[in-house]
Amino acid sequence: MLLNEGRIAEDDFYRALARHLGTDFLDGPIRLDVQLRYPHVLTAGAAPLSAHHHPRRIVAAPRGLAIARLIEAAARMEHPPALTTPTQLREAVFARVGERIAADASDGLARHRPEWSCRPGPRTLDLTLAGLVLALVVLLTRLPTLTSLVLLVVIQAGMLAMLTVRLASCGIAGEAAAPSPDLLPDEDLPTYTVLVALYREAAVVPRLVRALGRVDYPAAKLDIKFLLEADDSETLAAFRAVPMPARFEVVVVPDGQPRTKPRALNAALPLARGEHLVVYDAEDVIEPDQLRRAATLFARAPASTACLQGHLVIDNQGDGLLPRLFAIEYAALFEVLGPALAAWRVPTPLGGTSTHFRTRVLRELHGWDAWNVTEDADLGMRLAIAGYHVGDLPSATYEEAPKHLKAWLRQRTRWMKGFLQTSFTHARDPLATWHRLGPVESLCALALLPGTVASALFYPFMMGPGLAELILGAPGPEAGLLTQATYAGAWTIFVGGLAAILIPGFIGCHRRGWRDLMWFVPLLPLYFLLVSLAAWLAVIELARHPHRWNKTEHGLSRTSRSGALGRGVASGVTAACSAPRPSPSATG
């Protein structure tokens, strides 16, 4: 408790403990035996020393109840183990077996479950053939032949199925409309691990530490780890400049490839001490009771609920039109579609941040795919394939959206590319995936992953001609039945597509209390043209750079609607932006 609350420095505590036990305190470089068992030595808090390093042969860094057990046992020991701090023990272990840790973080999933790894991905020839088929399909749908009309009907039916999912979600209120549960008291809360992967994000470090420092959770039960890359000296220096208690831990991930967020998370997963684990992004600011609320929902949910997805909220809407439309899109996803998917208990592509897990399930699934650029969507699929479900967590996490088109396109292209990677990975044996998921869940997975990319690719080709056909008018009575059917399909897709875009946007804004942003919802059909462009760029990038991670830079926002990002509200946004925000549980 004293350590986690920052009332005593880690070095001072363990030096005092060593004096009390009459043993040595090891400071500076610690040479461990080459035969140490990782990660068991960190779980146990003790590791064998090199035979030539120290006569006591064992160095310990106990935590929590293990400290009391060591004090009790030391009275019966002739030579108690040497002591060091948990930080120095971890650094010594990483120095000794860093290459093994890096290899496990990169390729552990491929070694244990190769069918779940996105490597090797589709070959360039495969993608070229797929592109030619896609181009041929687009061409055929515009030709006045019977085959073309039948093909168009099939595509229209697929798009209608995806539109139906989005429209049906509007009728599901989700947990956000339910009364707030009675949250667990301190004594019933489990230990909670928080993982935040950062790369070249020194600018957000002070805000990040402040935000996590305000979390309403017992300090003694928090295990917060900031994960840095080995070459990121600037962010490391920023952390060293901010005083932090022992519940905050900076972990430098051993150097390796690919340099991605999921690889860093994999390196930290064996270090997690919590029964539950949550992943945040560097720019996130969470509602203070989010961890307590998640622990409460986990305690009351069935064991098959392995993950809870928090509600991501774009908070820098005053930075321009693009962040406002991004905010509306997120409101539709996390206030409307997400709760519906949780209620239906179907496969859910996770949001990548504010994803809360049962730690044992993450380890059972061998963590994240380090080579998949949307590791969150892939993990959502693997959870479903393994028989687990994702629940809804009605708690907001405030985020920063890219305010420039180039940065937005890079981010969205990565997301679309990751959806394609995930789709190819789990379609290697489509019958096996179908049997594991079941028919309804498989259809939902098709709609949400490859369907999302396909609908974005076809969006301008289906909506544009559909609008043209509507303007030109209905075919005459001399037209055949199939021609009449495709015209009716075009009309239905155009109107249904607009409804599937606009209605969730309006409902999402309403549930967040953003009446001022409702005026921008009609611009979403134009915004989705940019999504289509990103989808086409993703196809090209998948062929050229399948595993390249397009990093999104954070800490650039000028405004913050809620004040969570630490900036004022922009004058370009109406006064309603500065009004108190209704909590997710209070909006309907």
Side-chain angles (χ1 to χ4, degrees), residues 165-166 169 174-176 194-197 260-262 265 276-287 290-291 293-294 297 305-316 323 326-344 346-358 361-362 365 367-369 372-384 388-402 408 411-412 414-419 421-422 444-445 447-449 452-453 504 508 511-512 531 534 549-550 552 554 564 584:
V165 172
R166 286 184 64 89
S169 68
E175 297 291 338
V194 177
L195 300 182
V196 186
T260 60
K261 171 184 172 181
L265 295 175
H276 304 318
L277 180 152
V278 61
V279 175
Y280 291 125
D281 283 342
E283 83 276 18
D284 291 349
V285 179
I286 67 173
E287 290 188 334
Q290 186 172 117
L291 298 188
R293 181 181 290 264
L297 292 179
T305 301
C307 175
L308 298 173
Q309 174 64 64
H311 292 200
L312 307 185
V313 180
I314 298 301
D315 202 44
N316 63 321
F326 200 152
I328 297 170
E329 180 190 20
Y330 258 34
L333 288 174
F334 291 99
E335 307 299 329
V336 182
L337 183 60
L341 296 178
W344 295 333
V346 296
T348 303
L350 300 177
T353 180
S354 289
T355 44
H356 298 250
F357 301 95
R358 299 187 194 270
V361 175
L362 268 180
L365 298 183
W368 296 263
D369 188 344
N372 191 311
V373 297
T374 51
E375 78 294 338
D376 40 8
D378 171 72
L379 186 53
M381 272 296 296
R382 286 194 281 127
L383 284 168
Y388 294 105
H389 303 287
V390 176
D392 179 46
L393 175 60
S395 178
T397 296
Y398 302 106
E399 287 208 310
E400 172 188 346
W408 183 93
Q411 182 187 69
R412 190 56 59 100
R414 173 169 64 83
W415 293 356
M416 289 290 183
K417 182 172 70 173
F419 275 30
Q421 284 181 315
T422 302
C444 284
L448 293 168
L449 285 170
T452 294
V453 182
R511 291 181 179 176
R512 290 231 58 85
V531 176
W549 184 284
N550 295 331
T552 304
H554 301 129

Contact check, side chains of P262 and V279, non-hydrogen atoms, under 4.5 Å: no
Nearest 0.5 angstrom please: F419 CZ to L448 CG, how far? 8.0 Å
Can you confirm whether L362 sits close enough to W368 that some side-chain heavy atom of one is under 4.5 Å from a side-chain heavy atom of the other? yes
Stepwise, does the side chain to side chain contact (heavy atoms under 4.5 Å, CB included) test hold for L291 with V194? CA-CA 9 Å; L291 298 188; V194 177; 4.0 Å; yes
4.5 Å side-chain heavy-atom contact, V390 and F357: no
For A377 and L449, work out which heavy atoms get closest and say how close. CB-CD2, 4.0 Å
Please answer whether the main-chain N or O of L350 pairs with a side-chain N or O of Q309 as donor and acceptor at a distance below 3.5 Å. no
Rounded distance [0.5 Å steps], OH in Y280 versus CD in Q290: 3.5 Å
Just so I know, are the side chains of W549 and K261 near enough to count as touching, which here means a heavy-atom distance under 4.5 Å? yes
Who pairs with H276 by side-chain hydrogen bond (donor to acceptor under 3.5 Å, both in side chains), at least two apart in sequence or on another chain? none
Spatial distance of atom CZ (R412) from atom CG (N550) [nearest 0.5 Å]: 13.0 Å
T422: side-chain hydrogen bond (donor to acceptor under 3.5 Å, both in side chains) partners, not counting sequence neighbours: N372
If you take all heavy atoms of A306 and L383, which pair is closest and at what distance? CB-CD2, 4.0 Å
Any side-chain heavy atom of T355 sitting closer than 4.5 Å to one from D376? no
Using modelled atom types and a 3.5 Å cut-off, is there a donor and acceptor pairing between side-chain atoms of N316 and backbone atoms of E400? no
Could you check if a side-chain atom of E335 sits within less than 4.5 angstrom of a side-chain atom of Y330, using non-hydrogen atoms only? no
Nearest heavy-atom approach of H311 to P394 is NE2-CA, 3.8 Å
Which heavy atom of L308 sits nearest a heavy atom of A294, and at what distance? CD1-O, 3.6 Å
Roughly how far apart are F334 CZ and R511 CZ, rounded to 0.5 Å? 14.5 Å
Heavy-atom donor-acceptor pair, R512 side chain to I328 backbone, under 3.5 Å: no
Non-hydrogen atoms of D281 and G352 that approach each other most closely: OD1-O, 4.2 Å
Output for pair (L379 CG, Y388 OH), nearest 0.5 Å, gives 12.0 Å
Applying the side-chain contact (heavy atoms from CB on, under 4.5 Å) criterion to L312, which one of D284, L333, T353 satisfies it? T353
Main-chain N/O of G367 paired with R382 side-chain donor or acceptor, under 3.5 Å: yes
Go through the steps to decide whether Y398 and E287 satisfy the test side chain to side chain contact (heavy atoms under 4.5 Å, CB included), and finish with yes or no. CA-CA 8 Å; Y398 302 106; E287 290 188 334; 3.7 Å; yes
S354 side chain to G310 backbone, donor-acceptor under 3.5 Å: no
Rounded to the nearest 0.5 Å, what's the gap from CZ on R293 to CG on L393? Could you check? 7.0 Å
So does A340 get a backbone contact from the side chain of S169, meaning a donor-acceptor N/O pair under 3.5 Å? no
Evaluate side chain to side chain contact (heavy atoms under 4.5 Å, CB included) for Q421 paired with V373, printing each intermediate quantity in order. CA-CA 8 Å; Q421 284 181 315; V373 297; 3.4 Å; yes
Close side-chain approach of T348 to H389, heavy-atom, < 4.5 Å: no
